[in-house]
Asks: 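If you scroll down you'll find the structure; I have some questions about it.
When a ligand or atom number is given, it counts from 1 through the structure's own listing order.
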Amino acid sequence: MIGAGWVGLVTAACFADLGHDVVVRDIVPERVADLQAGRVPIHEPGLPELLAQARDRLRFTLAMADLFAAARVAFVCVGTPPTYSGDADLSAVWHVLDELPDVDERALLVMKSTVPVGTGEKVRAALDARGLAHVGYVSNPEFLAEGTAVRDFQAPDRIVIGAFAESDADRVAALYAPIEAPIVRVDVASAEMIKLASNAFLATRISFINEIANVCEVTGADVEQVARGMGLDHRLGPHFLRAGIGFGGSCFPKDVQALKQLAGNSGYHFQLLNAVIEVNELQKRRVVGKLAKHLGELRGKTIALLGLSFKPNTNDMREASSLVLAARLLAEGATVRGWDPVSLEEAQALMQGVELCETVLTAVTGADAAVVVTEWPELRGLASSEVRAAMRNPLIVDGRNLLDPEEARAAGFTYEGIGRAGNDTPGAVETAEREPAA
Ligand code: UDX
């Protein structure tokens, strides 16, 4: 495994669990030292247990030569972050090629990282030009969602294998042998496109349901009921129809941009993806409008952002909606508090000016509004009498439609969800006489 990030570590642990011997190589000495000492540097459910169980079949190293001394199949799991132009930055991929030691004819490079369509062809040509025509190349994109990555590996919907040679595809398929899932064998470019198109389509569904939610708000429909009714149609399915404050994370924003850019570079204007991106940007900011609707001027108000990671069960804050929200609220002159069960350390570096709190209660004490930014299960009980007593103004803006609106209102809160019927009008709960809690 080349790269011990989210994808590399989960893939390594799961392959070791299947009985393979796995060498994991990373370039960051602290990360390798942590892994050698049994410390897991990311928050991913089930991963620590898997790494511990399969310890005897896993080795961590800094040296590429170590990896190829032991392994014949090398999965490339390096980062491909966006550049300023929106294209994917492939420098880490090219660096891997530069570092390849003398390898024999059984060596096989398998691309797990998400790359633009056409990358496989370029890598193939580069290998050939370097006298490495005997090294095989396969595209085997990952479909691991953070928080459920182990399960997604062990019980995937499909395994996509794009190869230039059938025998290379056979070798990769054999590694997954005990896993029961359809194997989709395609050419390399199609495998690359399957990954980008899948993520772009899921992102499109999210922006679509978010726009439906926004229309629900002005027409009196309830997006939760609408999504349930839509999702029962087998042609639509129930997934990725949760309205909220937009998608974030390390994949969707980057992959949608990358696909749009890839099309643009070839002279095609991908209009739909432009809209998907714009809707997502606006969706994050709508919360500010909802707060202003109830609180008026936000200067001097205290807002508690609850949940800072881009989704629950991860400490990943890449492209998290909390970052945009915090920056907008600070710019409005509000005091911003932040709480998260696992990503306070990450938030420290990224959320300057935000008061980070260890507990939900500390975050909401004296606050004028509490915003559910990430649907952590810990927040299900947010509409409690304890929280109501602690807040200066009992307003909950539920950016993930996590709470039951009726229960929240019955507990004395003003409740505002996303696209839900009966969003409260300003001043629905009389708060003028309430004193801030000590
Ligand atoms: C995603 C893909 O699901 C995975 O297959 C791919 O390999 C990597 O990218 P991930 O980014 O970990 O995984 O999270 P995912 O669960 O897909 O959610 C992405 C974002 O969309 C999150 O911010 C989430 O809150 C948001 N989302 C998801 C919604 O707003 N509504 C939904 O209905 C689903």
Asks: Kindly write out the residues that satisfy side-chain hydrogen bond (donor to acceptor under 3.5 Å, both in side chains) with Asn313, not counting sequence neighbours, or none if the list is empty.
Replies: none
Asks: Tell me if the aromatic rings of Phe15 and Tyr176 count as close, with their centers under 6.0 Å from one another.
Replies: yes
Asks: Can you tell which of Lys290, Arg420, Lys293 makes a salt bridge (Lys or Arg N to Asp or Glu O under 4.0 Å) with Glu217?
Replies: Lys290
Asks: Does any donor atom in the side chain of Thr148 or Asp152 lie under 3.5 Å from an acceptor atom in the other side chain?
Replies: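 Distance-only check passes for Thr148 and Asp152.
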Asks: Looking at every non-hydrogen atom in both residues, tell me the closest pair between Ala4 and Leu35 and how far apart they are.
Replies: CB-CD1, 3.9 Å
Asks: Would you indicate whether Ile42, at its atom CD1, is surrounded by more than 12 heavy atoms from other residues, nucleotides or ligands within a distance under 6.0 Å?
Replies: yes
Asks: For ligand 1, give me the residues whose heavy-atom distance to it is below 4.0 Å, by chain and number please.
Replies: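 Those residues closer than 4.0 Å to ligand 1 by some heavy atom are Glu142, Phe143, Leu144, Ala145, Glu146, Lys195, Asn199, Ile206, Phe240, Leu241, Arg242, Phe247, Gly248, Cys251, Phe252, Phe310, Lys311, Arg400.
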